[in-house]
Amino acid sequence: GGHHKAIVSVALHPTEPIVLTRGHDGSLRRWQLPNTSEPKLLRHSFEHEYYLRFSPDGKTYTTGVIYCPWAVRDMATDTEVFSSELQMNCLAQSPDSRYIAGHCKAKKVVRLWDLELKQEVHRFGATGGDCYGVAFSPDGKRLIAVCVSGKAWVWDVNTGAEVATLQDVKMNSVEFHPSGKSIAIGHDNGTISFWETKTWTRQQSVLAHNRTVQCLRYTPDGSTLISAGSDGAIQLRHDQMHRAYAILNIGPPGPVVAFDIDASGQYLFATGPTQVVWVHRLPLAAQGARWFDEEPRLASSPPDQAQPTV
């Protein structure tokens, strides 16, 4: 009853035991845990929809991006709430679930939509290049976009005014620390840089992955930063530490590695070029660093810490 091709994205509901997965076969499926044998097929599309995320309040979910339209759908009825034909490089939703921001591939600008008004409310300055990472601050007052040109912009969500501009090597992903006091930026060369948000200055950089850092997420308490790279690995490190305390080798270099964490910060759901989602209990290394470096890499995860679910 699962996907017939590799799973490209996974999303966890913030309060309910519900998981959404998007497969390369075009299917979007809903899993009601702990039952993993009878997923509900929500819909089928042949578009490459790599973005899949629940709203913070759990009432809607958003799917789309990568050369295709995107849409916000009601979780209870699976009806469309809002949609756009614009091709976006990336999307992010505000903590109060009201706004969605994204970088428009064609116009090279960051746009902001109000889901209550169902209209665009801001169009931020031209970035001059593709941005593959946008994020709201925890209080929803700031929006940051990072660009492959090596620049990042921070704006005031309410006024649209530019707050700061950052400069570094090519940027691909970004995440605010839950405290709002710092951000982590993933770079094309595999490094992660950390910036404090009072003066928007860089504190340090750490070499994390062998290739591009595609995605960054903090656990809810801010103690652990989780990163996924195009080297096929997911790394877990204590905030701003140079060495990861756990590495999950999800697959070979190249394919998209997808993951999500539950609202409690206790479980990591991860998938790569496979039809399986693995569930890892956090922290993975209570007794020190544990390394997963055998092939096939998913199968090397210890049974007490990981189990296939979908």
Side-chain angles (χ1 to χ4, degrees), residues 1-84 87-88 90-93 97 100 102 214-215 217 226 228 232 234 248 250-251 254-264 266-281 296-299 301 306-310:
H3 298 279
H4 301 297
K5 292 186 178 181
I7 298 171
V8 297
S9 51
V10 57
L12 277 63
H13 193 277
T15 59
E16 302 293 333
I18 298 172
V19 181
L20 296 181
T21 54
R22 165 70 73 179
H24 219 296
D25 57 3
S27 64
L28 177 63
R29 298 181 182 273
R30 170 176 169 163
W31 308 77
Q32 185 75 42
L33 301 180
N35 181 10
T36 63
S37 61
E38 299 179 3
K40 179 181 179 181
L41 177 62
L42 296 182
R43 125 183 106 265
H44 201 280
S45 169
F46 289 103
E47 301 287 356
H48 292 262
E49 297 182 347
Y50 288 103
Y51 185 88
L52 181 63
R53 186 70 63 85
F54 281 104
S55 60
D57 62 11
K59 295 180 180 180
T60 64
Y61 69 90
T62 303
T63 181
V65 189
I66 311 298
Y67 306 114
C68 65
W70 58 275
V72 180
R73 303 185 71 88
D74 183 271
M75 185 58 203
T77 63
D78 199 40
T79 56
E80 190 175 281
V81 175
F82 182 82
S83 66
S84 172
Q87 296 178 1
M88 310 300 290
C90 54
L91 294 169
Q93 195 158 2
S97 301
I100 279 192
Q214 297 174 325
C215 182
R217 291 284 299 278
I226 306 172
I234 291 177
L248 307 175
I250 301 299
V256 174
V257 173
F259 72 89
D260 200 2
I261 53 177
D262 75 320
S264 70
Q266 293 182 310
Y267 296 97
L268 168 70
F269 285 57
T271 186
T274 174
Q275 295 166 243
V276 176
V277 173
W278 289 82
V279 182
H280 302 268
R281 185 188 296 273
R297 302 186 177 187
L298 277 175
S301 301
Q307 59 182 14
T309 59
V310 299

To the nearest 0.5 Å, how far apart are [atom1] in [X] and [atom2] in [Y]?
X	Y	atom1	atom2	result
R73	T79	CZ	OG1	7.0 Å
H280	Q266	NE2	CD	15.5 Å
F259	I226	CZ	CD1	5.5 Å
D262	E16	CG	CD	13.0 Å

Minimum side-chain heavy-atom gap [X]-[Y] below 4.5 Å:
X	Y	value
T21	T271	no
Q93	T60	yes
M75	R30	yes
L28	L52	yes
I18	F54	yes

Please report the closest heavy-atom contact between [X] and [Y], naming both atoms and the distance.
X	Y	answer
A258	I234	O-CD1, 4.5 Å
G272	A6	O-CB, 4.3 Å
Y51	A92	OH-CA, 4.1 Å
G102	M88	C-CE, 3.1 Å
R22	G26	NH1-O, 2.7 Å
S55	P14	O-CG, 3.8 Å

Taking side chain to side chain donor-acceptor pair (under 3.5 Å) as the test, write out the residues that go with R217, two or more places apart.
-> D260
Side chains of T62 and W70: donor-acceptor distance under 3.5 Å anywhere?
-> no
Any donor-acceptor N or O pair under 3.5 Å, side chains Y61, R53 | no
Let me see the working for V19 and V277 under side chain to side chain contact (heavy atoms under 4.5 Å, CB included), right down to the final yes or no.
-> CA-CA 10 Å; V19 181; V277 173; 5.8 Å; no
Apply side chain to side chain contact (heavy atoms under 4.5 Å, CB included) to the pair V257 and L248, showing each step before the final yes or no.
-> CA-CA 11 Å; V257 173; L248 307 175; over 6 Å; no
Report yes or no: does H24 contribute a side-chain atom to a donor-acceptor pair with the main-chain N or O of V8 at less than 3.5 Å?
-> no
